[in-house]
Amino acid sequence: MSTHTYEPHQPMVELRNVNKQFGAFHALKDICFQVERGEKVIVCGPSGSGKSTMIRCINRLEKHDGGQILVEGIELNDEVRSLAAVRQEVGMVFQQFNLFPHMTVLENLMLAPMRVRKTSKQEARDVAMQYLRRVRIAEKADRYPAQLSGGQQQRVAIARALCMKPKTLLFDEPTSALDPEMISEVLDVIAELARDGMTMICVTHEMGFARQVADKMVFMDHGEIVEVAPTAEFFAAPSTERAKLFLSQILSH
Amino acid sequence: MTSMQGATAAMTTKRSRPALGWLDWLLLVMVASAASYTVSRVNTVLHYKWDWGVVASYLLKTDPETGHWVPNVLLEGLFTTIRLSVWGILLAALVGLVMGMARCSDRLFPRLVSGAYVLLVRNVPPLVFVFIVVFFVGSQVLPMLGLSSAMDRASPTVQYWVSIFFAPAQQIENFVAGLVCLAFFTGAYVTEIVRAGIQSVPTSQIEAGRSLGLSRLQIMRLIVLPQALRNVLPPLAGQFIQMIKDSSLVSLVSVQELTFVAQEIQVSTQKVFEVLLFAGGLYFIICYSLSLLFAFLEHRS
Amino acid sequence: MFSWFRSLALLLPLSLLLSGCGGTYTWGWYVISPNLEKGRENLLFLVSGLGHTVAVALCAITLSVVVGLLVSLAVLSPNRFLRGFGRAYVEVLRSVPMLVMVLWVYYGLPIVFNLSPSAFTAGVLALALCDSAFQAEIFRAGIQSIDRGQHEAADALGLNYLDKFRYIIMPQAILRVLPPLGNQFVYMLKTSSLLSVIGLTELTRRANELITTEYRPLEVYSFLVLEYLALILLASWLVRRLERRMSARDGARPYSADAVGAAKPA
Ligand SMILES: Nc1ncnc2c1ncn2[C@@H]1O[C@H](COP(=O)(O)OP(=O)(O)OP(=O)(O)O)[C@@H](O)[C@H]1O
Ligand SMILES: [Mg+2]
């Protein structure tokens with residue numbers, strides 16, 4: 001079912017009528033959308049609208065219970081092999097960083113390439129250092145996560161995800177746990193990745209950043225996708241009332 | 001922790017039950033072969049004859065005079081264990097409550113006495129404590145009190161009821177010594193639990209009580225203890241279950257409870273396996289039902 | 001720690017008081033008097049049980065940690081048979097009295113498996129079996145206390161179940177289970193006294209042997225209590241020191257054994 005039939009225009013990530021329920025609570029309702037190769041999608045919406053749930057379904061940290069999710073044409077289901085394949089292609093950056101506290105920064109970065117991609121130690125170290133330089137934190141390679149500031153930890157977390165050479169990156173509110181003065185150092189790194197052509201799905205409330213990097217805005221409310229629009233259009237004139245209200249609230253302060 | 005629970009709750013609601021996988025079968029086969037290996041060792045290789053009839057015959061017997069079924073030694077032992085447990089729990093709770101309140105007292109002397117008590121008991125093996133108490137209480141104090149001679153002089157009805165609630169007249173001294181042992185041993189642990197419970201009640205509660213003009217005892221009784229009780233219920237449950245298990249220790253000073261009886265039967269019949277397995281099973285039933293009871297109580301409060 | 005010393009100071013006059021009230025009992029401290037040849041001999045004899053007490057506790061805790069860890073992994077595994085087995089193991093073994101287990105292993109195993117373990121082996125086995133149920137609960141609580149984000153990060157990186165446990169979860173859980181594990185060791189030192197019943201010559205057995213020859217139970221038991229007090233307090237102090245050093249180094253948050261339903265914390 002999940003064979004790579006050649007499609008001239010295969011989307012990177014595709015959600016078809018995805019549903020998700022927590023007990024009696026309907027968290028995702030018939031979610032449909034596509035992300036093309038190299039596209040940057042920003043997801044926004046009020047708290048509890050299901051943004052995290054949706055993005056977590058894409059690498060199966062949550063299991064969806066209806067519809068289909070395809071990543072590079074591979075369908076996500078109970079099959080272990082397709083799950084492993086998808087998780088190698090999709091990286092994730094968390095709100096709370098989730099670095100491994102008992103490992104140094106370098107060890108955090110080298111673990112997955114060595115254990116999952118089976119690269120040699122030397123190569124894993126080279127790749128790790130390369131990405132650490134890229135997020136401008138190479139000098140902290142031998143520190144432990146607890147010795148870094150929040151912004152530095154989040155940049156390490158981004159480098160850790162990059163070390164697996166994923167084709168798509170998921171960000172779930174990457175700057176929400178940061179002190180205000182550290183937000184920009186993280187956003188700068190993400191914007192740089194965006195310029196280099198990484199496919200991204202990012203949940204964030206940073207509307208300035210969204211305007212700068214997004215190709216497409218997705219607005220969610222009450223578990224539904226209310227509006228999908230090109231960035232400029234979305235900010236200039238949202239077509240739905242709910243999006244309008246949301247934007248006015250979030251931009252007013 | 002709560003998010004974790006939320007996640008597992010969500011996981012269990014949505015997890016569909018798949019058919020048996022290969023790992024399941026492997027496990028089943030492994031368990032089955034281990035079990036059959038043990039049984040075959042017992043049965044064929046060593047010609048060991050299972051004889052659960054022994055257990056049954058020591059459970060019940062017919063009274064030669066009346067012809068009725070009456071409990072035999074094994075069941076009597078079980079009853080003694082239950083009596084020890086029930087009285088032990090009550091007494092330990094009392095000791096623990098008093099000592100725990102003393103531990104939190106403003107005065108130095110009660111604090112020191114209860115501190116010394118807890119220190120001594122918690123840092124000495126239960127068995128050693130049993131030996132000491134039984135030698136001291138059993139051989140020095142109880143004879144002084146004249147408990148067993150008082151029992152001898154008592155009327156048959158009194159003797160009857162005492163044997164129902166405590167122990168037959170000829171065993172009463174042993175029983176009381178064993179009981180005192182268990183109660184004071186467990187009491188030390190209960191003391192610490194009570195202390196932790198009392199200290200878990202915020203001081204603002206006490207101040208509120210004071211501002212209402214309540215006396216110190218009233219504050220304890222009406223405000224602190226009821227709140228503390230909710231916090232101490234889970235560790236208390238664990239402690240009481242531990243006490244039931246510890247009650248097997250007094251078999252070593254000739255209190256004729258379950259372990260004592262089981263060992264006697266085992267020596268006289270050589271059926272170690274069945275008898276001790278059965279005794280262990282009984283302990284499991286008692287402890288497990290008590291833990292279910294406490295879980296229920298905790299759920300309700 | 002300091003308040004313990006004050007309590008200890010109170011114990012002395014208290015025990016003197018008791019000895020005064022002893023009434024019919026006349027004390028005979030000569031049996032363990034260090035001033036007499038015979039007393040010194042007896043003292044040495046009593047202390048000679050220390051080796052077995054410590055050795056049996058060390059062996060048993062090692063074994064029970066290994067078994068307890070495996071059982072806790074079974075309890076936490078996604079496979080429902082393993083889970084059921086783990087739960088049953090814990091529930092049954094933690095409600096069987098240690099004494100019954102000791103007797104069963106020492107007298108029962110020879111019959112079934114045709115091997116007759118020494119008192120030492122049987123003791124280690126029995127202690128470890130009973131303790132492994134508590135050990136399993138300690139490990140389970142320790143593993144479950146690891147933040148959910150750690151699991152998610154490992155999953156998102158594509159680590160498989162085994163690698164996740166080996167590299168991410170266990171190294172962090174180990175730090176958190178060390179304090180309750182230390183308490184279990186202290187508890188083992190205490191329970192090892194039960195092995196006197198099957199003839200292992202540890203501290204309690206030595207005391208009982210001396211009593212049968214000298215018939216001075218209260219004096220000998222008093223000394224035995226002092227021996228255990230010294231041993232257990234020393235062990236708890238070491239455990240607490242280790243705990244402090246570990247938590248200082250790794251910033252790991254040690255949690256109390258009560259919270260995980262362990263056996264009596266020392
Ligand atoms: N594991 C869970 N169990 C039960 N309900 C859950 C669970 N996870 C999320 N929910 C519920 O699903 C809804 C959507 O949650 P989600 O975390 O996706 O919202 P969100 O849009 O990311 O909000 P925020 O902006 O606050 O992060 C919420 O109402 C939440 O209470
Ligand atoms: Mg969210």
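We use all heavy atoms of the structure for the numbers below, so side chains are in, but hydrogens, waters and symmetry mates are not. Because the structure is a prediction, the values reported are computed rather than measured. Below, chain A is the first sequence line, B the second, and so on; all start at residue 1.
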Under a 4.5 Å heavy-atom cut-off, does chain B meet the side chain of [X], its backbone, both or neither?
{"X": "C:S196", "result": "side chain"}
{"X": "C:L203", "result": "neither"}
{"X": "C:T204", "result": "side chain"}
{"X": "C:L224", "result": "side chain"}

Handout entry: Region of B:S251 that comes under 4.5 Å of a non-hydrogen atom in chain C
Key =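 For B:S251, the contact with chain C is made by the side chain alone.
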Handout entry: Under 4.5 Å from a heavy atom of chain C, the part of B:T259 involved
Key =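 Looking at B:T259, just its side chain touches chain C.
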Residue among [options] with most heavy-atom pairs under 4.5 Å to chain B:
{"options": "C:L103, C:L194, C:L82", "result": "C:L103"}
{"options": "C:T191, C:L189, C:N208", "result": "C:N208"}
{"options": "C:L93, C:V92, C:V96", "result": "C:V92"}

Would you name the heavy atoms of [X] and [Y] that are closest together and state the gap between them?
{"X": "B:M243", "Y": "B:L84", "answer": "CE-O, 4.1 Å"}
{"X": "C:E219", "Y": "C:I32", "answer": "O-CD1, 3.9 Å"}
{"X": "B:F294", "Y": "B:A237", "answer": "CG-CB, 3.3 Å"}
{"X": "B:A279", "Y": "B:L258", "answer": "O-CD2, 4.0 Å"}

Problem - Atom OH of C:Y221: over 12 foreign heavy atoms under 6.0 Å - result: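 Count over threshold, so yes.
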Exercise for the section: State, with a plain yes or no, whether a side-chain heavy atom of C:F85 is found less than 4.5 Å away from one of C:N79. Expected result: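 SC-SC contact between C:F85 and C:N79 ruled out.
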Handout entry: N-O pairing of C:E137 and C:R87 below 4.0 Å
Key =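 Salt bridge present between C:E137 and C:R87.
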Problem - Under-4.0 Å salt bridge between C:E152 and C:R148 - result: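 Yes, charged N to carboxylate O under 4.0 Å.
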Handout entry: Winner by heavy-atom pair count (cut-off under 4.5 Å) against chain C, out of B:I241, B:L277, B:V275
Key =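 Among the listed options, the one with the most contacts to chain C is B:L277.
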Problem - Among B:L276, B:L290, B:I286, residue most engaged with chain C (heavy-atom pairs, under 4.5 Å) - result: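 Looking at each of B:L276, B:L290, B:I286 in turn, B:L276 comes out on top.
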